[in-house]
Each structure stands twice: as structure tokens, then as C-alpha cells.
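Notes for the one structure printed next.
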Amino acid sequence: MSSNTTTYNRIYEIVRQIPQGFVATYGQVAELSNLAGKARVVGYALYRVDMQNSDIPWQRVVNAKGEISLSPLRFGTDYLQRSLLENEGISFNDAGKIDLRKYLWHPNKSQIFD
DNA sequence: AAAGTGACTGTTA
DNA sequence: TTAACAGCCACTT
């Protein structure tokens with residue numbers, strides 16, 4: 001257990017609150033987790049998630065351009081992410097992008113539970 | 001213990 | 001529209 005476990009738990013609590021059919025950006029999750037400007041840390045936190053067995057809707061976090069962030073280190077979970085989102089009713093354009101104006105989560109900060 | 005790396009992002013050109 | 005770049009920080013070597 002590292003001293004940053006609570007930091008990651010804070011991130012996971014935010015991600016859990018993204019509603020089905022919507023997405024949030026890494027930067028947005030960072031901000032809501034009191035980690036403004038530290039979007040990369042959110043990437044690390046999600047990288048650590050067990051994609052098979054977790055109750056965290058990790059697929060609902062995309063980058064600021066509305067794209068899925070691809071990496072060979074993800075061993076295919078990046079492509080899995082797209083199909084999971086499509087199953088939630090989110091569509092991708094020809095460039096592989098999500099329309100954030102349509103699907104971005106707009107939480108009421110006073111309702112965020114952490 | 002210093003240096004490299006990455007599921008990031010806003011600015012700049 | 002894109003791409004390079006500089007901050008960013010936890011983690012690994």
C-alpha cells in the first residue's frame with residue numbers, strides 16, 4: 001500500500017459517479033478529485049484497475065479531444081473501451097472521436113460524493 | 001538516488 | 001487542423 005492509495009481511491013470514487021451513456025475527461029476527473037492539472041495521475045490510477053473484475057466504469061474516461069487514449073501497454077483494453085461505450089449508446093464519428101458537447105458529463109459539484 | 005516514462009493537457013506556432 | 005512542447009507527478013530502474 002503506497003501513501004497515494006487514498007489519492008487513487010478519490011479518483012475511483014469520482015469515476016464511479018459518471019453516469020451510463022456519458023463520459024468525463026482525465027482532466028475533469030482530476031479536477032473533481034482535487035488534483036487539478038494532474039490528469040496523468042488519473043491515467044495511472046485507471047491503468048491499475050482490474051478491467052475484468054472491477055465495479056469501476058473505467059471506460060467512461062476519455063481524453064480532452066474526445067478520443068480514447070491508445071497505448072500498446074493497454075493490451076487491447078483501449079479497443080475494448082470503444083465497444084463498451086458503443087454498448088452504452090455513445091457513438092463515434094469517422095475520426096474515431098466522441099462529440100463531447102453531446103456526451104460530456106456535467107456534474108453538479110454539490111452532488112459529488114467523496 | 002537521479003533519470004526515464006506515460007490511459008494527459010493547455011499553449012503556441 | 002495539427003503538432004511540438006513544457007508542465008505535471010507517481011512509479012520504475
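Per chain, numbering begins at 1; letters A, B, ... match sequence-line order.
Residue A:Thr25 is classed as a sugar-phosphate contact, given heavy-atom separations below 4.0 Å to backbone atoms only. When heavy atoms are screened at a 4.0 angstrom cut-off, A:Leu35 is found touching no nucleic acid atom at all.
Rounded to an integer number of Å, the gap from A:Arg74 CZ to B:dC8 P is 9 Å. Rounded to whole Å, atom P of B:dT9 lies 11 Å from atom CG of A:Leu104.
With hydrogens and angles ignored, the 3.5 Å screen pairs a side-chain donor or acceptor of A:Asn63 with a backbone N or O of A:Glu67. For the pair A:Gln28 (side chain) and A:Thr25 (backbone), a donor-acceptor distance under 3.5 Å is present.
Between the side chains of A:Arg82 and A:Gln59, not a single donor N or O lies within less than 3.5 Å of an accepting N or O. A side-chain donor from one of A:Ser91 and A:Tyr103 sits under 3.5 Å from a side-chain acceptor of the other.
Proximity note for A:Val41 (side chain, C-beta onward) versus B:dA7, C:dC11, C:dA10: the nearest is C:dA10. Closest to the side chain of A:Arg40, out of C:dC11, C:dC8, B:dT9, is C:dC8.
Within the structure, every side-chain polar atom (N or O) of A:Lys38 is placed at least 4.0 Å from both OP1 and OP2 of C:dC8. Phosphate proximity of C:dC11 to A:Tyr8: present, with a side-chain N or O under 4.0 Å from OP1 or OP2.
Residues A:Pro57 and A:Val15 meet the side-chain proximity criterion, which asks for heavy atoms closer than 4.5 Å. The shortest distance between side-chain heavy atoms of A:Phe22 and A:His106 does not fall below 4.5 Å.
Residues of residues 49-64 of chain A having a heavy atom closer than 4.0 Å to DNA chain B, listed by number: A:Met51, A:Trp58, A:Asn63, A:Ala64.
Under 3.5 Å, the side chain of A:Tyr44 and the base of C:dT12 form no donor-acceptor pair of N or O atoms.
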